[in-house]
> 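Dropping the structure in here first, questions after.
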Amino acid sequence: MHRRALFVLLAAFGLSVLLRAPLLNRPLSAHHEFCTAITLITLHNWWTDGVAAHAGAPTGVFVNEAKPLLPPAQYDANAQALALYYFSHPPLAFDLPYALFVLTGTPPNALGLELFNVFFHLVTALCLYGALHQFATKGSRAPLFAAVLYLFMPAPLWFHSNAYMGDIFVQNTWALHVLAAMVYFHRREPTDGPRLALFGLTLFLAVYTSWLGVFAGAASGALALWLAKRDRDRRWLRVPAVVMLATAAALGLTLWRYTRLVDLDALLGYFVSRFEVRGTTGKDVDLLGSLRDLVLLNYRISYLPVILLLLGLLIRKKLKRNGTTQSPDRGLLLFVVLTGLPVLLDHAVLLPYAEHDFAALKGGLLLCGLGGLLLDQLPARSAYALLAATCVAGVLYFYRTNPMPGFDGGRYALERDLGEAMGREARGHEVVFFEGPAPEPQVLWYAKRHIVQVNSSDEALRFLRERNLHKGVIFRPTPEGLLHEHVEDL
């Protein structure tokens with residue numbers, strides 16, 4: 001990377017941080033910040049009890065308080081583990097921030113986790129720059145344009161800062177793998193051992209973070225098989241072998257950690273049940289509704305400015321072509337396969353899960369990469385003007401979705417105020433109940449208590465009686481404010 005490009009990219013990143021600064025460390029509330037709360041609860045459990053006490057498994061509850069509410073007479077070890085822990089994703093996205101908090105001697109906190117997340121926004125932008133640099137012509141501005149676009153689009157601005165979970169953080173480890181895969185495949189030397197090893201290591205990290213890594217491995221393996229057939233070169237078959245090894249190692253390590261808490265059969269049954277909810281072939285899946293949410297809602301609020309830029313530049317290119325055709329660059333095709341096919345597989349297999357707008361974050365490498373390449377075909381003044389306009393539009397759309405504090409109508413403080421009020425009033429020996437809709441994980445995080453949802457006082461007393469417990473406190477939201485009632489079952 002040229003020094004000038006690095007300076008521009010670092011300056012752009014610094015500006016993106018300043019634009020987000022008022023939203024950092026505000027109370028956890030809306031737009032998937034419940035994911036951040038779940039992560040913080042996991043890290044708090046690990047910090048308090050030691051990671052080994054929880055077998056390195058994520059959890060969305062305060063385990064020491066919740067486990068006594070699952071008596072062995074009613075819940076066997078598997079049922080307890082499935083109720084207490086969150087096995088939906090591999091654990092690397094929890095391991096890394098926990099290591100940071102341990103190294104700094106700082107208890108897990110929202111600002112620390114957000115800053116950790118922001119740092120990896122820069123890492124992913126650098127990886128995107130590097131991936132395009134593998135095939136860009138000398139002096140091309142496309143890698144820099146693409147990286148800057150990625151820094152200022154709405155989805156990266158948010159999901160690389162306030163919202164954090166495994167299926168968001170995988171964007172970073174996958175971007176590392178995309179860069180390693182571009183370096184390896186574009187060199188067209190299947191026997192390049194160091195590059196193949198880096199390819200395998202980054203794939204391991206991606207799979208060990210979330211399921212997008214599995215789809216990335218499938219895409220790379222399919223590409224290598226096609227190259228082996230096209231070039232009649234069996235050396236490319238090393239790639240599927242490395243893919244299988246890296247995937248097996250990552251998933252095997254995940255299973256080893258999680259099966260210290262739950263039997264393998266029960267864990268596999270859990271995965272099946274989750275796929276029935278999140279998978280495209282699951283029961284009662286509204287495919288058209290999910291597809292509509294993905295395309296018309298999630299990609300719109302995540303990347304509308306760069307999508308409009310792409311459409312406009314593609315129409316311009318079509319009109320100027322005058323009937324001539326040009327073969328696409330081999331490096332471009334490689335980039336499209338490595339950044340597009342894994343996302344396509346992810347959406348195709350897990351379409352209902354793609355209703356979450358963070359699923360659209362994954363499309364950013366391809367969209368911003370193509371945007372950078374098309375901008376580079378314009379005269380310098382037009383290219384810079386369009387780049388600036390697109391980035392400004394991205395920031396404004398980001399603020400539209402995530403209003404600045406003071407313009408949120410008090411929304412941001414709701415979960416914090418509710419949780420802190422419950423934490424102050426609840427006594428240490430009481431079971432904490434909430435009468436009404438189940439409280440969000442943000443409420444649990446600020447209360448630092450496990451909270452049981454009930455619909456009435458009688459249900460709370462029955463809950464205590466069935467577990468041979470005696471004291472609890474019931475919180476009720478009312479028009480006059482949050483009321484509480486201490487109850488006792490004698």
> In plain terms, say whether Arg257 and Asp95 are close enough for a salt bridge, that is, a side-chain N and a carboxylate O under 4.0 Å apart.
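Yes, this pair counts.
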> As an exercise, state the distance from CH2 of Trp226 to CG of Asp231, rounded to the nearest 0.5 Å.
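Here the rounded value is 7.5 Å.
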> Is the count of non-hydrogen atoms from other residues, nucleotides or ligands lying under 6.0 Å from His356 atom NE2 greater than 12?
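Yes, the 6.0 Å shell around NE2 holds more than 12 heavy atoms from other groups.
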> Around Arg3, counting heavy atoms of other residues, nucleotides and ligands shown, do more than 12 lie under 6.0 Å from its CZ?
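Count not over threshold, so no.
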> When rounded to the nearest 0.5 angstrom, what distance separates NE2 in His89 from CZ in Phe94?
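Answer rounded to 0.5 Å: 8.0 Å.
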> Given 3.5 Å as the limit, does a donor-acceptor pair link the side chain of Gln442 with the main chain of Ser29, or not?
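It does hold such a pair.
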> Side chains of Tyr85 and Thr42: any donor to acceptor distance under 3.5 Å?
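Absent: no donor and acceptor within the cut-off.
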> Just wondering, do Thr202 and Leu179 contact through their side chains at under 4.5 Å, heavy atoms?
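Contact flag for Leu179/Thr202 side chains = no.
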> Measure from the side-chain N and O atoms of Asp167 to the backbone N and O of Trp211, and report whether any donor-acceptor pair falls under 3.5 Å.
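A pair under 3.5 Å: no.
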> Evaluate the side-chain proximity of Glu189 to Arg195: yes if any heavy-atom separation is below 4.5 Å, no if none is.
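No; the side chains remain at least 4.5 Å from each other.
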> Stepwise, does the side chain to side chain contact (heavy atoms under 4.5 Å, CB included) test hold for Ile307 with Leu311?
CA-CA 6 Å; Ile307 290 173; Leu311 290 175; 4.2 Å; yes
> Could you walk me through whether Asn172 and Leu176 pass the side chain to side chain contact (heavy atoms under 4.5 Å, CB included) test, one step at a time?
CA-CA 6 Å; Asn172 307 301; Leu176 287 169; 5.9 Å; no
> Just by distance, no angles: are the side chains of Asn402 and His31 close enough, under 3.5 Å, to form a donor-acceptor pair?
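Asn402 vs His31: donor-acceptor pair found between side chains.
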> Does any non-hydrogen side-chain atom of Leu122 lie less than 4.5 Å from one of Leu10?
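Heavy-atom side-chain distance check passes, below 4.5 Å.
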> Mind checking whether Tyr184 and Phe199 have parallel, tilted or perpendicular rings, split at 30° and 60°?
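Ring orientation, 0 to 90° scale: tilted.
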> State, to 0.1 Å, how close Val178 and Leu338 come at their nearest heavy-atom pair, and which atoms those are.
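Result for this residue pair: CG2-O, 4.0 Å.
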> Report yes if some heavy atom in the side chain of Leu387 is under 4.5 Å from a heavy atom in the side chain of Leu309; otherwise report no.
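Not in contact.
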> If you compare all heavy atoms of Pro91 against all heavy atoms of Thr254, which two are closest, and at what distance to 0.1 Å?
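Taking every non-hydrogen atom into account, CD-OG1, 3.7 Å.
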> If you look only at pairs with a residue in residues 370-419, which of them pass as a ring-ring contact (aromatic ring centres under 6.0 Å, His included), with sequence neighbours excluded?
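Every ring-ring contact (aromatic ring centres under 6.0 Å, His included) pair that includes a residue of residues 370-419, provided the two are not neighbours, is Phe145-Tyr384.
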> Please find the pair of heavy atoms, one from Ala219 and one from Leu341, that lie closest to each other, and give the distance.
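In terms of heavy atoms, the two residues are closest at CB-CD2, 3.7 Å.
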> Does the separation of the ring centres of His121 and Phe119 fall below 6.0 angstrom?
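Distance test on ring centres: not under 6.0 Å, no.
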> Is there a donor-acceptor pair under 3.5 Å between the side chain of Tyr303 and the backbone N or O of Leu361?
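Yes: the side chain of Tyr303 pairs with the backbone of Leu361.
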> Could you walk me through whether Phe185 and Trp236 pass the ring-ring contact (aromatic ring centres under 6.0 Å, His included) check?
CA-CA 10 Å; Phe185 280 110; Trp236 285 113; 5.7 Å; yes
> Under a 4.5 Å cut-off applied to non-hydrogen side-chain atoms, are Thr48 and Phe62 in contact?
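Side-chain contact under 4.5 Å: no.
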> How close do Cys35 and Phe358 get, counting heavy atoms only, and between which atoms?
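So the two residues come closest at SG-CE2, 4.5 Å.
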> Do Leu333 and Val337 touch side chain to side chain, with heavy atoms closer than 4.5 Å?
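No, every pair of side-chain atoms sits at 4.5 Å or beyond.
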> Once rounded to the nearest 0.5 Å, what's the spacing between atom CG of Asp346 and atom CG of Leu350?
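So the gap between those two atoms works out to 5.5 Å.
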> Testing Phe116, Phe13, Tyr150 for ring pair (Phe, Tyr, Trp, His ring centres under 6.0 Å) with His160, which one passes?
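Of Phe116, Phe13, Tyr150, ring pair (Phe, Tyr, Trp, His ring centres under 6.0 Å) with His160 is met by Tyr150 alone.
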> State the CZ-CG distance between Arg141 and Leu132, to the nearest 0.5 angstrom.
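One finds 14.0 Å between CZ of Arg141 and CG of Leu132.
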> With heavy-atom distances below 4.5 Å as the criterion, would you say the side chains of Leu128 and Cys368 are in contact?
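They are in contact (side-chain heavy atoms under 4.5 Å apart), so the answer is yes.
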> When you compare the side chains of Ser161 and Asn117, does any donor N or O come within less than 3.5 Å of an acceptor on the partner?
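No - no donor-acceptor pair under 3.5 Å links their side chains.
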> Quick one: which of Arg416, Arg26, Arg411 gives a salt bridge (charged side-chain N to carboxylate O under 4.0 Å, His left out) with Glu33?
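That would be Arg26; it is the only one of Arg416, Arg26, Arg411 passing the salt bridge (charged side-chain N to carboxylate O under 4.0 Å, His left out) with Glu33.
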> Strictly distance-based, threshold 3.5 Å: is any side-chain N or O of Asn298 a donor or acceptor partner for the main-chain N or O of Glu355?
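It does hold such a pair.
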> So how far is it from Phe101 CZ to Leu43 CG, rounded to the nearest 0.5 Å?
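Going from the CZ atom of Phe101 to the CG atom of Leu43 covers 6.0 Å.
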> Under a 3.5 Å distance rule, please check whether Thr390 uses its side chain to pair with a backbone N or O of Val306 as donor and acceptor.
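No, the answer is negative, given that no donor and acceptor are paired below the 3.5 Å cut-off.
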> For residues Asp233 and Pro190, report the shortest heavy-atom separation together with the two atoms involved.
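Minimum heavy-atom separation between Asp233 and Pro190: OD2-CG, 4.0 Å.
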> Would you say the side-chain atoms of Thr36 pair up with the backbone N or O of Tyr164, donor to acceptor, closer than 3.5 Å?
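Flag set: sc Thr36 to bb Tyr164 pair under 3.5 Å.
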> By side-chain hydrogen bond (donor to acceptor under 3.5 Å, both in side chains), which residues pair with Glu114, not counting sequence neighbours?
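For Glu114, no residue satisfies side-chain hydrogen bond (donor to acceptor under 3.5 Å, both in side chains) once neighbours in sequence are set aside.
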> For the ring pair (Phe, Tyr, Trp, His ring centres under 6.0 Å) test, which of Phe169, Phe159, Trp174 pairs with Phe120?
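The residue from Phe169, Phe159, Trp174 that satisfies ring pair (Phe, Tyr, Trp, His ring centres under 6.0 Å) with Phe120 turns out to be Phe169.
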> Report the C-alpha separation of His347 and Val343 in whole Å, then their side-chain angles, then the decisive distance to 0.1 Å, and conclude whether the side chain to side chain contact (heavy atoms under 4.5 Å, CB included) test is met.
CA-CA 6 Å; His347 292 342; Val343 179; 3.4 Å; yes
> If you measure from CD1 on Ile168 to CE on Met165, what distance do you get to the nearest 0.5 Å?
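These two atoms lie 6.0 Å from each other.
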> Give a yes or no answer on whether the side chain of Ser273 reaches the backbone of Tyr270 with a donor-acceptor pair at less than 3.5 Å.
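Checking the backbone N and O of Tyr270 against the side chain of Ser273, a donor-acceptor pair under 3.5 Å is found.
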> Return yes if some donor-acceptor pair links the side-chain N/O of Trp46 with the main-chain N/O of Ala57 below 3.5 Å, else return no.
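Pair found, side chain donor or acceptor close to backbone of Ala57.
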> Kindly say whether Ser16 contributes a backbone atom to a donor-acceptor pair with the side chain of Arg20 at under 3.5 angstrom?
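Here the side-chain-to-backbone pair exists.
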> Are Asn162 and Leu24 side-chain neighbours, meaning at least one heavy-atom pair lies under 4.5 Å?
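Yes, their side chains come closer than 4.5 Å.
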> What are the two closest heavy atoms between Ala383 and Leu375, and how far apart are they?
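Nearest pair, atom of Ala383 first, then Leu375: CB-O, 3.4 Å.
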> Counting distance only, does the side-chain N/O of Arg187 pair as donor-acceptor with the main-chain N or O of Val183 below 3.5 Å?
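No, the answer is negative, given that no donor and acceptor are paired below the 3.5 Å cut-off.
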> Kindly indicate, with the supporting measurements, whether the criterion side chain to side chain contact (heavy atoms under 4.5 Å, CB included) is fulfilled by Leu297 and Arg300.
CA-CA 5 Å; Leu297 177 62; Arg300 173 175 59 81; 3.3 Å; yes
